[in-house]
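To start, the structure under review is shown below, and the notes come after it.
Residues: numbered from 1 along the sequence shown.
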Amino acid sequence: MAAEENEDVKPKINLVVEFEGQTCTIKVKSGMAFKKVFEAAEKRFGKEPGTFKFHFEGVRLNPESTPAEMSMEDGDTIDAHLQQLGGGGRPPHRR
């Protein structure tokens with residue numbers, strides 16, 4: 001039975017979130033949704049919810065995904081980038 005109990009215990013991993021040279025470490029369970037990680041990082045960096053986009057190894061992270069789904073390990077780094085609003089549109093063509 002001890003082996004069965006150990007399977008239920010999910011180890012926590014430390015994820016490092018980096019934003020403009022600043023870092024914060026967040027301890028999470030590998031099955032926890034990134035939404036909780038995102039909220040904690042935004043709070044620690046003093047930003048409003050939804051301010052950042054988060055990437056791991058060049059892939060944008062979905063708030064409903066988990067570290068386990070991304071094969072993350074203890075000490076992995078998530079990059080935080082400010083959400084860009086506007087731009088990207090082409091000015092109207094004038095003749």
(request) Please name the residue in the list K43, K35, E39, E42 that meets the side-chain contact (heavy atoms from CB on, under 4.5 Å) test with P49. (result) E42
(message) Is there a continuous path of hydrophobic side-chain contacts, each under 4.5 Å between heavy atoms, that joins V16 to M70?
(response) no
(request) Classify the angle between the aromatic ring planes of F34 and F38 as parallel (below 30°), tilted (30 to 60°) or perpendicular (above 60°). (result) parallel
(message) Contact between D79 and K53 at the side-chain level, heavy atoms closer than 4.5 Å - yes or no?
(response) no
(message) How close do I26 and A40 get, counting heavy atoms only, and between which atoms?
(response) CD1-CB, 3.9 Å
(request) Kindly compute the distance separating CD (E57) from OG (S71), expressed to the nearest 0.5 Å. (result) 9.0 Å
(message) Within the structure provided, determine whether F45 and V17 are in side-chain contact (heavy-atom separation under 4.5 Å).
(response) yes
(message) Is any side-chain heavy atom of T77 closer than 4.5 Å to one of F56?
(response) no
(request) Of all the heavy-atom pairs spanning D74 and N14, show the shortest one and how long it is. (result) OD1-N, 2.6 Å
(message) Restricting to non-hydrogen atoms, name the atom on I13 and the atom on M72 that form the minimum distance, rounded to 0.1 Å.
(response) CD1-O, 4.1 Å
(request) Can you see which heavy atom on V28 is nearest to which on P67, and at what distance? (result) CG2-CG, 4.2 Å
(request) Mind listing the closest non-hydrogen atom pair of E73 and L15 along with its distance? (result) O-CD2, 4.1 Å
(request) Quick one: closest heavy-atom pair of P63 and A33, and the distance? (result) O-CB, 3.5 Å
(message) Working to the nearest 0.5 angstrom, can you tell me the gap between C24 SG and E18 CD?
(response) 10.5 Å
(message) As an exercise, state the distance from CG of L61 to OG1 of T66, rounded to the nearest 0.5 Å.
(response) 10.5 Å
(request) Report the distance from atom NE2 of H81 to atom OG1 of T51, rounding to the nearest 0.5 Å. (result) 14.5 Å
